[in-house]
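Please read all numbers here as calculations on a predicted model, not as lab measurements. Computed from heavy atoms alone, side chains included, the values below leave out hydrogens, waters and symmetry copies. Counting convention: from 1, in listed order, for ligands and their atoms alike.
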Amino acid sequence: MTVDHEALRDAARTPYWLDRPDRPASRPPLDAHAVADLCVVGGGYSGLWTAILAKERDPSRDVVLLEGSRIGWAASGRNGGFCAASLTHGHANGLERWPDEIDVLGRLGRENLDAIEKALTRYAVDADFERPGTITVATEPHQVEWLRELQGEAPGSTFLDRDAMRAEVDSPTYIAGLVEPDDTALVDPARLAWGLADAAESLGVRIHEHAHVTGLARHGAGLDVRTADGPVVRAGRVALGTNAFASPVRRARLYTVPVYDYALMTEPLTAAQLDSVGWRGRQGLDDMTNQFHYYRLTSDNRILWGGYDAIYHFGRQVRPSYDQRPQTFDLLARQFFETFPQLDGLRFSHRWGGAIDTCTSFCAFYGRAYGGRAAYALGFTGLGVGATRFGADVVLDLLDGVDSERTRLRMVREKPLPFPPEPFAWAGIELTRRSLAAADRHRGRRNAWLRTLDRFGLGFDS
Ligand SMILES: Cc1cc2nc3c(=O)[nH]c(=O)nc-3n(C[C@H](O)[C@H](O)[C@H](O)COP(=O)(O)OP(=O)(O)OC[C@H]3O[C@@H](n4cnc5c(N)ncnc54)[C@H](O)[C@@H]3O)c2cc1C
């Protein structure tokens, strides 16, 4: 299937962020058996932060990181670059699940975002990290009331009426907005991953790419980490940051499903085109529907436009072919020009998708396996750019047997409800997706299915 929308015709079928000449050369594969104190599996943000923080905690610890493909090629190199303070996929989700610890979670999340900023400065990671704030826009009258409620939960936020909103960023679809000045940074996602890999190596971490881990096996007080090409890493401890891919710990697989999210990138806007939109504050934007869009400017004034469709494929499959979905790209392109009709004629340079590790609590959960020799953080759903650093700290606490404020959190100790086997998982997720779309068409009114999910703490409300 090909795309229909004219503006998409020449778009490259690859994530914009990864399609640049400064993508680093491949690191060596693992070509011989190795020994390490800690073996990290996964070269996305989770694995990279785990390796860095492990060395910061104990510089003498010998750390090896195994990445099955390339550093940052998966979610970490293809996301929207919204690096949020929230550890719970938004305040409302956290409040709903862990009301007794929401203040602590809020503080830990802000500390985590500040720590990311400091680390990027310390290791000279050039990831265009900036904190311009975010604006959530209302495009239908009933959403204005929701914005007011959101304002009550977000100290320091500012409500914008239609004129004030359109003076900030101009779209005929906007009728109000809420500015949150300090809860989210914007980053260049792939450069963040590449820079973290350099930082890890500067601390002495050995990184191997194209080193796919096929399984773990106990060996004395540690674990043998087996790879597809044969070599084994004999490690004291193993940290797993495998996100939407099948976890080497089988029982962890029950808790997540891969859900595909899609994005477009425009060509750079001319000065006149940018002027027609305004956007001088360069904030990250999103809207209020269940099927929401997220969008932002890049350092060279392109617009990244993503979200809306969330697609699950039967059987929990992750496949390269799923990264392309022409009907979603056409829909996203149409919605882009409805939002910014003044940009008519602008073209998209890139279109891509990627898998999100969705769990039923919509934010990370943690676990240990093999008698505490291995630990994992999974289930970041759509908000892991910032939260993965916090997750890495938790994983290290679990591996090191540290009793910390983090490991005492209910949010860390509790597991989400697992997904049922097929065909029930597919049927339930598809019904939920259709119900959320219907709610968006009916002023947010949730049908019986969504209300049932809400009652069991399984409802998603963006
Ligand atoms: C299109 C899209 C947009 C998004 N937008 C945002 C956003 O704006 N803000 C936000 O906060 N979040 C966003 N997210 C989510 C965010 O990108 C992820 O939560 C985050 O990158 C997860 O990092 P990770 O390291 O856990 O996973 P990944 O980046 O997926 O890394 C996991 C790595 O583990 C490797 N691996 C897996 N299994 C093995 C194995 N057996 N052996 C060796 N290696 C293995 C994989 O090859 C992969 O490189 C988005 C995601 C997508 C797909």
What protein heavy atom sits nearest [atom], and how far away is it?
atom	answer
atom 44 (N) of ligand 1	G68 N, 2.9 Å
atom 26 (O) of ligand 1	S46 OG, 2.8 Å
atom 8 (O) of ligand 1	F82 N, 3.2 Å
atom 31 (O) of ligand 1	G44 CA, 3.5 Å
atom 30 (O) of ligand 1	N243 ND2, 2.8 Å
atom 12 (N) of ligand 1	G382 O, 2.9 Å
atom 4 (C) of ligand 1	N79 CB, 3.1 Å
atom 35 (C) of ligand 1	E67 OE1, 3.3 Å

Where does the angle between the aromatic ring planes of [X] and [Y] fall among parallel (under 30°), tilted (30 to 60°) and perpendicular (over 60°)?
X	Y	answer
Y295	W305	tilted
F245	W73	tilted
H89	F362	perpendicular

Could you list the atoms of ligand 1 found under 4.0 angstrom from a heavy atom of [X]?
X	answer
Y45	21 (O), 25 (O)
V41	40 (C), 42 (N), 43 (C)
G354	53 (C)
A211	43 (C)
T242	34 (O), 37 (C), 38 (N), 39 (C)
I356	51 (C), 52 (C), 53 (C)
G81	8 (O)

Sub-3.5 Å N/O-N/O distance, [X] and ligand 1:
X	value
R78	no
G80	yes
G72	no
R70	no

**Prompt:** Do S404 and D397 have side-chain N/O donor and acceptor atoms under 3.5 Å apart?
**Reply:** yes

**Asked** Cut-off 3.5 Å, side chains only: do S361 and R97 have a donor facing an acceptor?
**Response** no

State whether [X] and [Y] are salt-bridged, where the test is any N-O pair (Lys NZ or Arg NE/NH1/NH2 against Asp/Glu carboxylate O) under 4.0 Å.
X	Y	result
R107	E111	yes
D261	R78	no
D393	R57	yes
D22	R191	yes
R206	D62	yes
R226	D224	no
E67	R27	no

**Request:** Determine whether any heavy atom of A244 lies closer than 4.0 Å to an atom of ligand 1.
**Result:** no

Between [X] and ligand 1, which residue portion shows a heavy-atom distance shorter than 4.0 Å: side chain, backbone, both, or neither?
X	value
F380	side chain
W73	side chain
L48	neither
A355	backbone

**Request:** Heavy atoms only: give me the nearest A437-Q291 pair and the separation to one decimal.
**Result:** CB-OE1, 3.3 Å

For [atom], state which one of [options] supplies the nearest heavy atom.
atom	options	answer
atom 37 (C) of ligand 1	F245, Y262, Y376	F245
atom 32 (C) of ligand 1	A387, A74, G241	G241
atom 23 (O) of ligand 1	G42, G384, S76	S76
atom 2 (C) of ligand 1	V318, L383, D261, D323	D261
atom 42 (N) of ligand 1	V385, V213, L65, T381	V213

**Message:** Can you confirm whether or not the ring centre of F348 sits under 6.0 Å from the ring centre of H5?
**Reply:** no

**Request:** Spell out, as yes or no, whether a donor-acceptor pair under 3.5 Å connects the side chain of R373 to the backbone of R218.
**Result:** no

**Asked** For F329, is the NZ or CZ atom of R325 found under 6.0 angstrom from the centre of its six-membered ring and inside 45 degrees of the ring axis?
**Response** no

**Request:** Find out whether M265 and W352 are in side-chain contact, i.e. whether some heavy atom of one side chain is under 4.5 Å from a heavy atom of the other.
**Result:** yes

